[in-house]
Q: 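Encoded as structure tokens, here's the structure I'll be asking about.
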There are 2 protein chains.
Amino acid sequence: MQRVEPQDFSRVLSSMCTRPHPRAREAAERFLATNPGDPGTYEAVSELETEAVEMLGTITGLPNPEGYIASGGTEANIQAVRIARNRADTDRPNMVAPESAHFSFNKAADLLNVELRTAPTDADHRADMEAMAELVDDDTVVVIGVAGSTEYGRVDPIPAIADLARDNDALCHVDAAWGGFVLPFTEKRWHFGHADVDTITIDPHKMGQAAVPAGGLLTHSQALLDELAVDTPYLESKSQATLTGTRSGAGVASAVAAMEELWPMGYRRQYYESMENAEWLAEQLAARGHDVVEPELPIVAADMTMPVTEDLRRRGWRISKTGADEMRVVCMPHVTKSMLRSFVADLDWF
Amino acid sequence: MQRVEPQDFSRVLSSMCTRPHPRAREAAERFLATNPGDPGTYEAVSELETEAVEMLGTITGLPNPEGYIASGGTEANIQAVRIARNRADTDRPNMVAPESAHFSFNKAADLLNVELRTAPTDADHRADMEAMAELVDDDTVVVIGVAGSTEYGRVDPIPAIADLARDNDALCHVDAAWGGFVLPFTEKRWHFGHADVDTITIDPHKMGQAAVPAGGLLTHSQALLDELAVDTPYLESKSQATLTGTRSGAGVASAVAAMEELWPMGYRRQYYESMENAEWLAEQLAARGHDVVEPELPIVAADMTMPVTEDLRRRGWRISKTGADEMRVVCMPHVTKSMLRSFVADLDWF
């Protein structure tokens with residue numbers, strides 16, 4: 001396996017993860033042999049996790065945040081639905097989300113036996129509040145909003161979603177797994193400080209530039225987190241709220257290192273750079289006659305048929321597509337203007 | 001955070017994880033920025049995962065293994081229960097396990113709405129088959145055996161458990177999360193080759209000496225794994241069977257590197273060394289008048305009251321306890337004879 005080359009990011013346009021910041025990589029390497037899942041044994045990394053949660057609280061407008069560093073956004077989303085299900089008093093729980101919600105909510109539905117009801121999005125790919133409201137009923141345990149959708153980078157009207165949840169005695173969960181580290185530099189209203197939000201997913205290992213695995217689950221109160229607690233007989237700690245047991249200290253340390261280094265100015269600079277790249281690419285594609293979904297956060301989608309993207313794949317480009325078969329480019333920190341220039345040059349070649 | 005020291009293993013007797021093998025560490029560092037959860041983008045690490053599963057198949061006596069590298073044993077155990085629940089035809093599923101089963105099955109019960117029924121163990125801390133049989137009924141979807149229990153390192157009578165499962169049309173799951181890498185050097189009958197087992201948890205990041213996170217879930221057939229599949233609209237792959245989405249390539253690469261380096265002779269050597277250490281410690285404790293649970297795999301438990309272990313903790317030792325409040329020492333690869341000598345010397349000091 002010495003001959004296997006690890007990842008080359010020079011043509012990756014498909015990933016919501018990125019090359020970790022050098023400080024984040026260094027911290028991950030130092031804390032590789034630690035396990036925040038056993039805080040009595042691994043104290044140093046456990047304290048770092050407290051720091052990480054504090055910093056995520058700052059980013060999401062929550063002065064006394066509760067939560068933890070999860071394996072990723074999928075775990076955080078599952079856990080948010082689990083909190084809502086466990087605190088509710090119904091045998092037939094359901095969750096309501098826009099159809100733009102990530103497929104991790106399908107996993108949550110299967111795992112947790114919570115029906116997933118998805119509402120069509122509006123013409124600009126955001127949650128349609130009328131359609132959402134129609135799906136909510138007495139058995140709705142959580143209403144979900146997306147702040148930076150996977151396909152188009154759209155931000156749902158979170159305050160309206162929080163109101164809908166509150167009016168129906170359901171929780172409000174915001175999935176900002178990817179968007180959480182760029183949204184603070186926009187005018188969007190998406191976090192605890194903007195609306196009556198109960199839980200948020202925000203992943204340091206996406207736009208936060210930490211090493212995988214470093215997802216984030218934040219809850220508005222300890223009582224919500226306690227819905228997840230399971231007794232831990234063999235550990236020095238008494239209970240565990242995480243989905244997994246042994247966890248990556250590398251991810252935790254890496255998240256702290258990235259946030260210490262980049263929050264807020266480094267992330268701000270990256271956001272502007274990535275947005276400029278996304279807008280540049282959108283213009284180039286539009287100029288070539290493609291229908292482009294206007295980028296609002298650094299994701300570009302365009303109606304290019306799959307044979308073209310297959311050809312691109314053969315040239316080494318890693319691109320993905322939306323459910324509507326549009327080509328989708330995620331302008332992560334490793335995606336530079338010169339990379340996009342050679343991508344467009346390759347497009348022109350066909 | 002530069003001043004925070006990562007883990008010092010020189011007094012850690014409480015962990016089921018260990019310092020990764022140097023080759024495993026090196027591989028983890030090289031593959032830090034990869035995500036086997038997105039195999040279309042991250043092809044190299046995805047191929048390594050296939051290799052890892054093949055090697056785990058060799059270790060567990062399964063010629064054509066299916067499965068994946070999970071975040072850890074908790075995920076693998078949850079997924080095994082989920083497979084069993086999803087394929088069964090009952091509204092009130094239950095699982096039957098010995099009381100020695102890991103607390104991850106409590107998480108699985110809460111997550112999946114599967115009742116956990118635990119049977120008392122026999123005088124030597126193994127599953128009591130009569131007690132297990134009494135708990136099984138038509139709604140039992142999986143019968144669980146432990147091969148290397150968390151508290152005492154005991155191996156349940158797996159062939160009898162598999163028979164019990166088969167007779168009741170339930171699946172048989174074996175939790176060898178910790179034991180899986182030492183059991184091949186014993187006479188125990190615990191794996192796919194010994195009995196009609198459906199799924200096994202075996203974690204490279206425990207006795208396998210890989211870096212966290214590298215757990216393992218193996219299934220007897222693709223059909224079982226398919227019970228977990230969820231569609232993945234934005235990825236180039238079509239579906240995903242894992243609990244998490246983005247996953248650690250570091251863990252996967254590290255598992256392959258450790259297994260390539262250590263299977264079988266390195267693990268064999270380590271097993272004998274760890275067993276010798278465990279037996280030495282057991283003798284020392286017995287000689288000092290403590291009741292010791294005879295180590296069968298490299299775990300030692302002894303009836304020392306908690307105030308003593310609190311004193312030890314203040315001297316830097318990291319030890320844990322069993323549910324019966326016995327002191328518990330896990331003889332992992334980083335636990336050397338000289339470490340145990342100074343531990344016993346500290347015990348004598350009190």
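Order of the sequence lines fixes the chain letters, A, B, ..., with proteins taken first and strands second; residue numbering starts at 1 for each chain.
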Q: Heavy-atom distance under 4.5 Å to chain B: side chain of A:Arg11, backbone, both or neither?
A: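 For A:Arg11, there is no contact with chain B at all, as no heavy atom is under 4.5 Å.
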Q: To the nearest 0.5 Å, tell me how far A:Thr244 OG1 sits from A:Gln79 CD.
A: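 If we round to the nearest 0.5 Å, A:Thr244:OG1 and A:Gln79:CD are 8.5 Å apart.
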Q: Counting heavy-atom pairs closer than 4.5 Å to chain B, which one of A:Val12, A:Leu32, A:Leu111 comes out on top?
A: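 Answer, by heavy-atom pair count under 4.5 Å with chain B: A:Leu111.
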Q: What residue, out of B:Asp110, B:Thr74, B:Asn106, B:Leu13, has the most heavy-atom pairs lying under 4.5 Å from chain A?
A: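 Top option by heavy-atom pairs under 4.5 Å: B:Asp110.
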Q: Under 30°, 30 to 60°, or over 60°: which ring-plane class applies to A:Tyr152 and A:His125, parallel, tilted or perpendicular?
A: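 Answer is parallel, since the angle falls under 30°.
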Q: Tell me, side chain or backbone of A:Ala250 under 4.5 Å from chain B's heavy atoms, or both, or neither?
A: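 Looking at A:Ala250, nothing touches chain B.
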Q: Relative to chain B, which segment of A:Asn77 carries a heavy atom at a distance below 4.5 Å: side chain, backbone, both, or neither?
A: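 No part of it gets close to chain B.
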Q: Non-hydrogen atoms of chain A under 4.5 Å away: do they reach the side chain of B:Leu228, the backbone, both or neither?
A: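 Neither the backbone nor the side chain of B:Leu228 comes within 4.5 Å of chain A.
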Q: Start with the C-alpha gap between B:Leu116 and B:Val81, add the side-chain angles, then the distance that decides, and say whether side-chain contact (heavy atoms from CB on, under 4.5 Å) holds.
A: CA-CA 10 Å; B:Leu116 172 60; B:Val81 177; over 6 Å; no
Q: Which pair of heavy atoms, one from B:Arg247 and one from A:Val212, lies closest together, and at what distance?
A: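 Taking B:Arg247 first and A:Val212 second, the nearest heavy atoms are O-CG1, 3.4 Å.
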Q: Check for a donor-acceptor pair, side chain of A:Asp203 on one end and backbone N or O of A:Gly216 on the other, with a separation under 3.5 Å.
A: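 Judged by distance alone, yes, a pair lies under 3.5 Å.
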Q: Less than 4.5 Å to any heavy atom of chain A: does that hold for the side chain of B:Val45, its backbone, both, or neither?
A: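 Neither part; nothing is under 4.5 Å.
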Q: Give the member of A:Glu29, A:Met16, A:Glu75, A:Arg25 that has the highest number of heavy-atom pairs under 4.5 Å with chain B.
A: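 Heavy-atom pairs under 4.5 Å are most numerous for A:Glu29.
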Q: So that I can tick it off, tell me whether A:Arg23 and A:Glu260 are bridged by a salt bridge, with the cut-off set at under 4.0 angstrom between side-chain N and carboxylate O.
A: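 No.
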Q: Under 4.5 Å from any heavy atom of chain A, what part of B:Ser104 do you find: side chain, backbone, both or neither?
A: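 B:Ser104 has no heavy atom closer than 4.5 Å to chain A.
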Q: Identify which of B:Arg19, B:Arg85, B:Glu43, B:Glu47 forms the greatest number of heavy-atom pairs closer than 4.5 Å to chain A.
A: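 Between B:Arg19, B:Arg85, B:Glu43, B:Glu47, the count favours B:Arg85.
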Q: Could you walk me through whether A:Arg328 and A:Ser320 pass the side-chain hydrogen bond (donor to acceptor under 3.5 Å, both in side chains) test, one step at a time?
A: CA-CA 5 Å; A:Arg328 169 178 163 267; A:Ser320 56; 2.7 Å; yes
Q: Who among B:Lys107, B:Glu51, B:His205 has the most heavy-atom pairs with chain A under 4.5 Å?
A: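 Most heavy-atom pairs within the cutoff with chain A belong to B:Lys107.
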Q: Just verifying a value: how many Å separate A:Leu262 CG and A:Met207 CE, rounded to the nearest 0.5 Å?
A: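 The CG atom of A:Leu262 sits 11.5 Å away from the CE atom of A:Met207.
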Q: Which atoms of B:Leu48 are under 4.5 Å from chain A, going by heavy atoms: the side chain, the backbone, both sets, or neither?
A: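 Only the side chain of B:Leu48 comes within 4.5 Å of chain A.
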Q: Determine the option with the most heavy-atom pairs under 4.5 angstrom with chain B, choosing from A:Ala211, A:Gly251, A:Ser15, A:Gly215.
A: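 Top option by heavy-atom pairs under 4.5 Å: A:Ser15.
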Q: Could you tell me whether the side chain of A:Thr34 and the main chain of A:Phe31 form a donor-acceptor pair under 3.5 Å?
A: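 Between the backbone of A:Phe31 and the side chain of A:Thr34 there is a qualifying donor-acceptor contact (under 3.5 Å).
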Q: Under 4.5 Å heavy-atom distance to chain B, tell me which part of A:Ser254 shows up: side chain, backbone, both or neither.
A: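 Nothing of A:Ser254, per the 4.5 Å heavy-atom cut-off to chain B.
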Q: Pick one of side chain, backbone, both or neither for A:Ile78, based on which atoms fall under 4.5 Å of a heavy atom in chain B.
A: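 Interface part for A:Ile78: side chain.
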Q: Relative to chain A, which segment of B:Ala253 carries a heavy atom at a distance below 4.5 Å: side chain, backbone, both, or neither?
A: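 Looking at B:Ala253, backbone and side chain both touch chain A.
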Q: Please confirm whether the backbone N or O of A:Ile69 pairs with a side-chain atom of A:Glu49, one donor and one acceptor, at under 3.5 Å?
A: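 Looks like yes, one N/O pair under 3.5 Å.
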Q: With respect to chain A, which residue among B:Thr246, B:Thr242, B:Val256, B:Asn35 yields the maximal number of heavy-atom pairs within a distance under 4.5 Å?
A: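 The candidate making the most pairs under 4.5 Å is B:Thr246.
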Q: Using non-hydrogen atoms and a 4.5 Å limit, figure out which bit of A:Val230 sits close to chain B: side chain, backbone, both or neither.
A: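 For A:Val230, the side chain is the part near chain B, not the backbone.
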Q: Picking from B:Asp8, B:Thr18, B:Asn86, which has the most non-hydrogen pairs under 4.5 angstrom with chain A?
A: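 Ranked by heavy-atom pairs under 4.5 Å with chain A, first place is B:Asn86.
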Q: Donor-acceptor check, side chain of B:Gln7 to backbone of A:Thr41, threshold 3.5 angstrom: yes or no?
A: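 Checked: pair present.
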Q: For A:Gly323, is there any backbone N or O sitting under 3.5 Å from a side-chain donor or acceptor partner on A:Glu151?
A: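 Judged by distance alone, yes, a pair lies under 3.5 Å.
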